[in-house]
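Below you'll find the structure, written out as structure tokens, and then a few comments.
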Amino acid sequence: LRLIEAEALALTVEKGAGPVLAGGDWNAVPARDPDPDTSGVSPAVARRKLDRSAAVAIEETGLADVAACLGDLTPTVGHDSGLYYRPDRLYTSLPPAALEDYRVIEEDKPKSNHLAVVGRFDLDAVRSAV
């Protein structure tokens, strides 16, 4: 299912829909992040969470993982399960000069098992690149 979603996203990018910003819970580790510690996690869950194939397929379309580009690999899950990794990500087709900031919204008492992520982009950099 993740690969199907990645392929659908690839079609959007390939059809020249313009600049793409895609955010969400991609439900597995990113393409190039280090493997999380899976101690105490069932082998089936670990296998699914460590499957990078959809993340690799997304990046093969030319979309960039904003957090990875800016060097922020802060986990967005794990505070309740102990399996710390970064399934919540922003991808973009914007040029690197447009990537200004990325943050994980930390909470003392999260209401969700996922932490929100936000990005800031310099659209003037995009206009000047065109």
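Nothing here was measured: the structure is a model prediction, and the numbers come from that model. Quick note: residue numbers are just sequence positions, from 1.
- Side-chain heavy atoms closer than 4.5 Å link hydrophobic residues (I, L, V, M, F, W, Y) into clusters, and following such links, even through other members, never connects Leu73 to Val66.
- Rounding to the nearest 0.5 angstrom, the gap separating the OG1 atom in Thr76 from the CG atom in Leu115 is 6.5 Å.
- Separating the CD1 atom in Ile58 from the CD atom in Glu7 is a distance of 9.5 Å, to the nearest 0.5 Å.
- A continuous path of hydrophobic side-chain contacts links Leu99 to Leu123 [ILVMFWY only; heavy atoms under 4.5 Å].
- Here the shortest heavy-atom pairing between Pro87 and Asn27 reads CB-N, 3.7 Å.
- In plain terms, the two heavy atoms of Asp37 and Ser39 that are nearest each other are OD1-OG, 2.6 Å.
- Applying the side chain to side chain donor-acceptor pair (under 3.5 Å) test to pairs two or more places apart or on separate chains, those with a residue in residues 54-64 are Arg32-Glu59.
- Cluster partners of Val29, using a side-chain heavy-atom cutoff of under 4.5 Å among ILVMFWY residues and allowing indirect links, are Val41, Val45, Leu50, Val77, Leu83, Tyr85.
- Of the possible donor and acceptor atoms, none in the side chain of Thr92 sits under 3.5 Å from a partner among the backbone N and O of Leu21.
- Taking both residues in full, the closest heavy atoms of Ala125 and Ala97 are given as CB-O, 3.8 Å, listed atom of the first, atom of the second, then distance.
- Minimum heavy-atom separation, Asp88 to His114: OD2-ND1, 2.8 Å.
- Ion pairing between a basic and an acidic side chain is recognised when a charged N comes within 4.0 Å of a carboxylate O; Arg86 and Asp72 show no such pairing.
- For Arg52 (side chain) and Pro30 (main-chain N/O), a donor-acceptor pair under 3.5 Å exists by modelled atom type.
- When every heavy atom of Arg2 is checked against every heavy atom of Lys49, the shortest pair comes out as NH2-NZ, 4.4 Å.
- Separating the CG atom in Leu90 from the CG atom in Leu63 is a distance of 11.5 Å, to the nearest 0.5 Å.
- The backbone N or O of Arg89 sits less than 3.5 Å from a side-chain atom of Trp26, completing a donor-acceptor pair.
- Arg120 is linked by a salt bridge (Lys or Arg N to Asp or Glu O under 4.0 Å) to Glu100, Asp101, counting only residues two or more places apart in sequence or in another chain.
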